[in-house]
> 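Sharing a structure here in structure tokens format.
Chain letters run A, B, ... following the sequence lines, proteins first and then strands; every chain starts at 1.
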Amino acid sequence: MLAAVKPDLAVEAGPKPGAAVVQLPRARRRPRRHPAFAGKVAASVLPPVIVLLLVLAVWQALCSDPASLFPGPLSIWEQSRELIVDPFFNRGGVDKGLFWHVSSSLSRVALGFGLAALAGVLLGVLVGASVWAHRALDPVFQVLRTVPPLAWLPISLALFREAHPSALFVIFITSMWPIVINTAVGIRNLPQDYLNVGRVLRLSHAEMFFKIMLPAATPYIFTGLRIGIGMSWLAIVASEMLLGGVGIGFFIWDQYNASRISDIVVALIWVGLVGYALDRFVALLGRFASRGTAAS
Amino acid sequence: MSGYLSIEDVSVSFQRAGVVSDVLKSISLAIGQGEYVSIIGHSGCGKSTLLNVAAGLVAPVSGGVILDRKEVAGPGPERAVVFQNHSLLPWLSCYDNVKLAVDKVFGGTKSKTERHDWVMHNLQLVQMAHAAAKRPGEVSGGMKQRIGIARALAMEPKVLLLDEPFGALDALTRASLQDAVAEIHARVGCTVLMITHDVDEAVYLSDRIVMMTNGPSASIGEILDVQLPRPRSRAMIADEPRFNHYRLRVLDFLHTRHAARAA
């Protein structure tokens with residue numbers, strides 16, 4: 001509060017005539033340890049990298065014995081070098097790089113999950129909007145959603161008699177339930193205020209649905225889609241193991257039968273990374289679709 | 001009894017788990033065109049229910065509401081509501097929130113550029129044109145309420161219904177919003193029905209103050225004519241003995257004659 005300083009005091013504050021003004025060394029500004037951005041990157045990248053290196057080191061130490069039944073990281077690198085370095089080779093049949101296996105699994109997921117998303121959102125809206133549909137269908141959904149993916153496989157084989165549509169059906173039926181249930185929750189939890197806004201504006205039923213209900217439920221729908229895409233990735237790998245053909249699940253089973261454990265480890269890493277990428281992809285899509293109101 | 005907006009012998013009761021509770025009992029109130037009427041009462045006295053009846057969001061058990069010689073049946077944009085918690089759609093920008101209302105109400109009568117101009121005009125009226133592109137989540141509570149007011153005004157309503165519009169705001173923001181509403185009321189000349197529990201706010205803004213008795217079966221206890229000249233300013237009312245007189249009348253009603261039962 002400069003204004004509060006009394007005028008007579010303010011005059012005295014200057015150096016008195018005759019008094020020597022001693023120059024003190026100016027305080028040097030302390031250099032910042034690191035730029036803020038680099039610090040943030042290091043803070044989020046360093047911990048997982050350090051843990052990863054530690055895990056690899058422990059793993060290598062545990063499996064370095066030549067008699068060990070399980071390969072360590074170094075022997076995996078030696079044995080599966082071609083698989084790691086070149087994911088794109090194609091020698092016909094099932095002797096292909098991992099990229100081709102993953103992409104054929106992904107195309108099955110895209111189709112099966114796409115159908116599940118469509119059916120799941122439609123069913124979810126029905127169950128969320130209608131009290132009677134909810135009473136009638138919700139118990140059925142709650143039971144069916146706990147059936148594990150592979151339990152559907154015999155039924156789907158009996159229905160379709162072919163590997164490809166059976167795999168699609170297994171993906172469809174496992175990933176649909178979380179989408180249905182979350183969509184229904186989103187529609188049911190619609191704030192009454194939003195509905196009142198629509199009623200005051202006299203929106204038609206279609207406008208109410210597309211302009212109020214669907215956007216309000218979008219964050220819930222994408223929560224369901226995220227859980228669903230994770231489950232469909234679980235289902236495809238498991239069902240391909242039994243069905244055969246080109247695909248990452250079958251590749252893993254095939255390498256097990258050929259006792260190539262190191263190839264399986266490489267394939268597992270691919271499965272994990274692709275599953276993570278799928279999850280991030282749907283989360284980003286959700287953030288875009290809900291225009292920033294959904295958490296990702 | 002007749003008025004521009006008249007609430008005639010309205011009773012409301014709700015039924016929950018087989019128990020019928022009477023909320024409002026034969027309320028009649030006539031409001032003239034351009035009049036600013038506040039309804040004040042303790043919480044739970046059913047004043048919001050009365051506003052919802054006028055809005056058409058709640059159907060009365062008996063009685064009815066007549067606006068401009070037509071009976072109210074269901075909600076509509078000629079009775080625009082400013083909700084207590086603003087109720088902006090969070091996925092739309094402030095501009096699009098107002099635009100949604102303008103497109104719906106004037107879709108058939110105004111051209112695209114006219115509608116854009118009308119949205120911007122109403123945003124300017126509440127001094128929010130600068131935040132048009134922002135999402136409701138990115139602006140303050142007071143700004144959200146301003147957008148809510150702009151959305152209601154943009155419907156060009158016959159009556160503006162304000163449901164405790166400043167209740168959730170801090171004192172300073174509330175004062176500036178009250179001034180904004182007073183100025184808009186003077187400029188646009190709209191009829192306003194406002195719910196409030198703030199005595200100063202009611203006296204400062206209103207032409208008449210309707211005081212409600214405690215529920216259940218709440219009714220109108222007293223109506224106070226506020227004969228202060230307009231435009232009013234805070235400096236003016238601070239020095240105005242009649243302002244204090246009106247305040248005391250309302251306070252006396254609320255705290256002496258119809259004190260809230262222990263909560």
> Chain A contacts: which residues in residues 100-130 of chain B have a non-hydrogen atom closer than 4.5 Å to it?
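Within residues 100-130 of chain B, near chain A: B:L100, B:A101, B:K104, B:V105.
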> Please classify the contact between B:E78 and chain A as side chain, backbone, both or neither, with a heavy-atom cut-off of under 4.5 Å.
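Side chain only.
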> What parts of residues 137-161 of chain B touch chain A if we use heavy atoms and a cut-off under 4.5 Å?
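Against chain A, the residues of residues 137-161 of chain B that fall inside the cut-off (heavy atoms, under 4.5 Å) are B:R151, B:M155.
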> Residue by residue, scan residues 180-207 of chain A and write down, ordered by number, those that have a heavy-atom distance under 4.5 Å to chain B; if none do, write 'none'.
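Within residues 180-207 of chain A, the residues that come under 4.5 Å of chain B (heavy atoms only) are A:D193, A:Y194, A:N196, A:V197, A:R199, A:V200, A:L201, A:R202, A:L203, A:S204, A:E207.
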> Only heavy atoms, only distances under 4.5 angstrom. Which residues in residues 50-59 of chain B are near chain A?
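The stretch touches chain A at B:G56, B:L57.
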